[in-house]
Amino acid sequence: MPDTSADDEVAEIAGFGYERARDELVNVVKMLEQGGMDLDDALALWERGEALANRCAEHLAGARQRIEKALSESDR
């Protein structure tokens, strides 16, 4: 049976803007660096960090495409 809480979390993160995803990713990294949590919690936090990093990458790729499109249109 799939983990609906993980699915819900991915759906939640998919709605994040770049700044929110970046800020939460920074917090995840800080928490992981501090340590002191059990393995299951650390793995769940790592997975959240991966999802947040992917969301940031999606935003950056979209911004890059928009810039490239604007530059190519201005060259005409």
Side-chain angles (χ1 to χ4, degrees):
M1 179 174 229
D3 184 358
T4 56
S5 64
D7 292 341
D8 291 344
E9 189 169 315
V10 169
E12 173 196 13
I13 291 170
F16 287 2
Y18 174 77
E19 289 79 8
R20 180 169 180 194
R22 181 203 58 215
D23 292 346
E24 288 206 26
L25 179 57
V26 168
N27 289 332
V28 165
V29 170
K30 286 179 185 177
M31 291 172 66
L32 287 170
E33 287 176 340
Q34 289 174 356
M37 63 185 79
D38 67 31
L39 181 59
D40 288 334
D41 290 340
L43 285 173
L45 199 54
W46 178 271
E47 290 169 346
R48 182 170 179 82
E50 287 288 325
L52 290 163
N54 288 337
R55 185 65 183 139
C56 288
E58 290 170 359
H59 276 289
L60 293 173
R64 183 179 302 113
Q65 289 175 345
R66 289 174 60 194
I67 291 168
E68 288 172 356
K69 181 180 177 186
L71 290 174
S72 70
E73 289 175 358
S74 69
D75 288 342
R76 292 180 187 179

- Task: Supply the atom-to-atom distance Met31 CE to Leu45 CG, rounded to the nearest 0.5 angstrom.
- Result: 5.0 Å
- Task: Sort and list the pairs that fulfil salt bridge (charged side-chain N to carboxylate O under 4.0 Å, His left out) and have at least one residue in residues 35-48, not counting sequence neighbours.
- Result: Glu9-Arg48, Glu12-Arg48, Glu24-Arg48
- Message: I need the full list of salt bridge (charged side-chain N to carboxylate O under 4.0 Å, His left out) pairs touching residues 53-71, with sequence neighbours left out, sorted by first then second residue.
- Response: Arg55-Glu58
Is [X] isolated, or which residues cluster with it under the ILVMFWY side-chain rule of less than 4.5 Å, directly or via members?
X     : value
Leu60 : Tyr18
Leu39 : Leu43
Leu71 : Ile67

- Item | Trp46 with Val28, same ILVMFWY side-chain cluster at under 4.5 Å | yes
- side-chain hydrogen bond (donor to acceptor under 3.5 Å, both in side chains) pairs touching residues 25-34, sequence neighbours excluded, are none
- What are the two closest heavy atoms between Leu25 and Leu52, and how far apart are they? N-CD1, 3.7 Å
